[in-house]
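Each ligand, and each atom within it, is numbered from 1 in the order the structure gives.
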Amino acid sequence: MNFSLSAIVLTAILATGFLSVSHPKSSPASCDHGRKLHVTPDSSLKIHFRNDFLIGTALNVSEIEEKEPEASRLIAAQFNAITPENIMKCEVIQPGWNEYHFDLADKFVAYGKKHDMFIVGHTLIWHSQLSPFVKNIQSGDSLLLFMTNHINTVAGRYAGKVNSWDVVNEALNEDGTLRNSIFLEKLGPDYIRKAFELAAKAAPGAELYYNDYNIEQPKKRAGVIALVKKLKASGTRIDGIGIQGHWSTKGPSLEDIENSILEYSALGLKVSFTELDLTCLPNPWDLQGAEVSQNFKNSPFMNPYPHGLPDSVQLKLANCYEALFKLFIKHKVKIERITFWGVSDSQSWLNNWPIYGRTNYPLLFDRNYKPKPAFEKVMALKD
Ligand code: G3I
């Protein structure tokens with residue numbers, strides 16, 4: 001997404017005074033100086049795009065347990081697909097060989113059924129957030145036993161309830177080669193095929209996705225395509241590719257994203273944007289991707305907007321989301337789902353990564369669960 005263009009657009013718009021301001025309930029950190037938004041109460045993303053693609057969000061524990069009434073109202077009104085942000089990951093759901101914690105996952109699935117949502121399971125096999133007992137496994141046989149038990153037990157429990165699984169998450173390096181992990185070390189490259197094979201048996205009715213970040217980038221995209229072709233050649237079911245979409249107001253290019261949609265769907269696969277958010281804050285080195293093990297020092301430079309987003313950046317964010325959704329609409333027949341990685345700015349992992357304790361604004365709803373200009377721009381599309 002070549003945003004130098006939006007800089008030009010931004011200057012032009014500011015010159016014409018596009019944005020008029022009045023917003024009675026503004027609070028410094030969440031609202032931007034009282035912007036008038038043309039959003040009616042029933043402005044709903046899921047309704048607006050009901051003939052195009054699903055609109056999803058990632059839920060944290062308090063949202064799953066409906067502890068925040070405003071969040072619950074917003075989620076039910078805006079979204080028709082849900083992904084668990086953390087509670088179905090290995091370290092949470094299987095802390096021991098024969099120890100499973102299904103309480104939160106059961107609540108998550110029940111929440112989805114109650115609100116008639118498309119339910120995504122995230123994620124069965126991932127090198128990160130593994131339980132310590134898995135990290136200490138020494139033999140390939142033991143690791144294969146873990147994978148078999150984990151997938152059969154977790155995906156099996158929600159067979160017929162979870163609609164789509166992120167079967168394998170983030171298994172590639174930026175150059176498209178296989179990421180080193182305990183799975184690759186102990187089981188070799190075939191672990192990916194094995195994971196999809198196990199998931200297909202445990203959850204015959206669920207879609208099976210490969211999910212990763214930066215797979216809109218040409219080199220990494222080539223790695224995904226090679227992986228898919230290998231799975232298909234072995235007769236192993238894979239139904240979709242999840243492009244996470246942890247992006248910024250600086251990129252990636254729309255061209256790379258469009259080419260990814262075209263090339264992945266040309267493999268006969270569904271394409272979803274599974275963890276969409278656009279950071280508005282400087283990155284320590286404009287680092288690549290979402291590898292959570294990185295961390296850096298906070299400073300006023302790295303946390304420039306603790307009390308609200310300047311109009312210029314707010315509009316840049318709005319233009320970026322508008323440009324993205326124009327592309328999604330153009331390719332709606334190839335796109336199954338657009339999931340935002342969080343409900344509102346207050347929940348975003350990007351407030352604590354890659355630097356802890358920043359104030360970020362990467363989503364469509366602010367810290368008061370109010371729609372932002374980006375929401376308005378996206379909703380204005382298609383009218
Ligand atoms: O639950 C513990 C809590 O008990 C403890 O007090 C607290 C303090 O350390 O940590 C809590 O666990 C945190 C967990 O989120 C729940 O909030 C972990 O430290 C923290 O690392 C974890 O971060 C999650 C991250 O994945 C971990 O890998 C983020 O919320 C989540 O948004 C993020 O999501 C990933 C996707 O799964 C895969 N793609 C990239 C994406 C962003 O990294």
Q. Do any nitrogen or oxygen atoms of Q129 come within less than 3.5 Å of a nitrogen or oxygen of ligand 1?
A. yes
Q) Hey, is NZ on K229 packed in by over 12 heavy atoms from elsewhere, all under 6.0 Å? A) no
Q: Look at ligand 1 and say whether W341 reaches it with a heavy atom at a distance under 4.0 Å.
A: yes
Q: Pull out every atom of ligand 1 sitting under 4.0 Å from any heavy atom of H122, numbered as shown with elements.
A: 36 (C), 37 (O), 38 (C)
Q) Non-hydrogen atoms of Y213 versus ligand 1: any pair closer than 4.0 Å? A) no
**Q.** Heteroatom proximity flag, N169 to ligand 1, N/O under 3.5 Å
**A.** no
Q. Quick one: do the Y158 and D106 side chains pair a donor with an acceptor below 3.5 Å?
A. yes
Q) For K135, does the NZ atom have more than 12 heavy-atom neighbours from other residues, nucleotides or ligands under 6.0 Å away? A) yes
**Q.** F273 side chain near I257 side chain, heavy-atom distance below 4.5 Å
**A.** yes
Q. Any N or O of W126 that comes nearer than 3.5 Å to an N or O of ligand 1?
A. no
**Q.** 4.5 Å side-chain heavy-atom contact, Y210 and L172
**A.** yes
Q: Counting heavy atoms only, name the option from E85, K89, Q244, M88 that's nearest to atom 35 (C) of ligand 1.
A: K89
Q: Indicate, with yes or no, if the rings of F108 and Y111 have centres closer together than 6.0 Å.
A: no
